[in-house]
Amino acid sequence: MRTLHLLIIVMIFISLSCTQKTVLSEEDKKAVETEIHQFMDSLNVAFESLTPERVFNYFLHTDEFAVASQGNLITNPSALLDTMKVHMAFMKTQTGKTIDEKIFIINSDAAVISISRIGTITFKNESQINMPYALTMLLVKREGKWKIAHYHN
């Protein structure tokens with residue numbers, strides 16, 4: 001009986017140690033935030049290039065991927081690329097300015113970023129709109145590179 005109690009205690013200890021979260025140091029969190037800012041800067045440059053394939057490369061191309069935008073849920077990467085091609089075909093220029101952001105670091109390979117921005121789009125017919133918008137993204141690191149797993153605006 002004593003051996004059984006000892007075995008149960010050891011099993012509980014092992015299960016607790018396996019389920020504990022890895023807590024990042026403040027220094028590690030800052031390093032991840034720096035990586036996220038660099039990723040976002042290059043993503044914004046890609047969006048402003050109006051090259052759908054360039055933007056598309058920032059997204060995961062796996063079954064983990066999902067985009068919720070304009071009332072639609074897109075879970076097929078090819079459908080996202082097609083959607084980007086249609087939207088960008090009408091644009092002459094696109095720029096954006098970040099107003100506010102919040103980054104939540106999950107671990108060294110995952111983070112959530114929420115952003116509010118003001119976007120300016122000039123269409124090929126020379127009409128222009130300025131629009132505020134917000135977006136939230138789940139970013140994951142795959143093979144050493146940050147990718148968008150979930151995007152919602």
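Worth saying up front: this structure is predicted, and the values here are computed from it rather than measured. Only heavy atoms go into these numbers, but all of them, side chains included; no hydrogens, no water, no symmetry mates.
Every salt bridge (Lys or Arg N to Asp or Glu O under 4.0 Å) that R142 has, sequence neighbours left out, goes to E64. Listed by chain and residue number, H61 satisfy the ring-ring contact (aromatic ring centres under 6.0 Å, His included) test with F56 (two or more places apart in sequence, or in another chain). With sequence neighbours left out, the side-chain hydrogen bond (donor to acceptor under 3.5 Å, both in side chains) criterion links S78 to no other residue. Shown here are the side-chain contact (heavy atoms from CB on, under 4.5 Å) partners of A31, two or more places apart in sequence or in another chain: there are none. Listed by chain and residue number, nothing satisfies the salt bridge (Lys or Arg N to Asp or Glu O under 4.0 Å) test with E33 (two or more places apart in sequence, or in another chain). Scanning for salt bridge (Lys or Arg N to Asp or Glu O under 4.0 Å) contacts around K141 gives E35, with sequence neighbours left out. Judged as a side-chain hydrogen bond (donor to acceptor under 3.5 Å, both in side chains), and not counting sequence neighbours, D109 has no contacts. Every residue meeting the side-chain hydrogen bond (donor to acceptor under 3.5 Å, both in side chains) condition with S127, not counting sequence neighbours, appears here in chain and number order: N125. Residues satisfying the side-chain hydrogen bond (donor to acceptor under 3.5 Å, both in side chains) criterion with T136, sequence neighbours excluded, are S114.
By the 4.5 Å heavy-atom criterion applied to side chains, H37 and I103 are counted as neighbours. The shortest side-chain heavy-atom distance between L60 and V140 falls under the 4.5 Å cut-off. Using a 4.5 Å heavy-atom cutoff, the side chains of I129 and T120 are not in contact. With contacts defined as side-chain heavy-atom distances shorter than 4.5 Å, the pair I99/R117 does not qualify. Counting heavy atoms from C-beta on, the side chains of H152 and L135 never come closer than 4.5 Å.
Separating the OG1 atom in T83 from the CG atom in N76 is a distance of 9.5 Å, to the nearest 0.5 Å. Between the CG atom in N130 and the CD1 atom in I121 there is a gap of 9.5 Å [rounded to 0.5 Å]. Expressed to the nearest 0.5 Å, how far NZ of K29 lies from CD1 of I36 amounts to 13.5 Å.
Alongside L73, the hydrophobic cluster contains no other residue (criterion: ILVMFWY side chains under 4.5 Å).
V32 and S108 make their closest contact through CG2-CA, 3.9 Å (heavy atoms, listed as atom of the first residue, atom of the second, distance). The two residues I106 and V112 have their closest heavy-atom pair at CD1-CG2, 3.9 Å. Taking both residues in full, the closest heavy atoms of N153 and S69 are given as OD1-OG, 2.8 Å, listed atom of the first, atom of the second, then distance. Residues W146 and L139 come closest through the heavy atom pair CZ3-O, 3.6 Å.
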Side-chain donor-acceptor pairs of residues 42-49 under 3.5 Å, sequence neighbours excluded:
| residue | atom | partner | partner atom | Å |
| --- | --- | --- | --- | --- |
| S42 | OG | Q38 | O | 3.4 |
| S42 | OG | F39 | O | 2.9 |
| S42 | OG | Y58 | OH | 3.4 |
| N44 | ND2 | M40 | O | 3.2 |
| S49 | OG | A46 | O | 2.6 |
| S49 | OG | T51 | N | 3.2 |
| S49 | OG | T51 | OG1 | 3.3 |

Just list the side-chain donor-acceptor pairs under 3.5 Å for residues 84-93, sequence neighbours left out, or say none.
| residue | atom | partner | partner atom | Å |
| --- | --- | --- | --- | --- |
| K92 | NZ | E126 | OE1 | 3.4 |
| K92 | NZ | E126 | OE2 | 2.7 |
| T93 | OG1 | T122 | OG1 | 3.3 |

Please assess I118 against M131 for the test side-chain contact (heavy atoms from CB on, under 4.5 Å), listing each intermediate value before the final yes or no.
CA-CA 6 Å; I118 301 283; M131 66 179 185; over 6 Å; no

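For the residue pair D100/S116, the side-chain donor-acceptor check at 3.5 Å is not satisfied.
Heavy-atom contacts from other residues, nucleotides or ligands closer than 6.0 Å to OH of Y133 number more than 12.
In this structure a side-chain-to-backbone donor-acceptor pair under 3.5 Å is present from K147 to N57.
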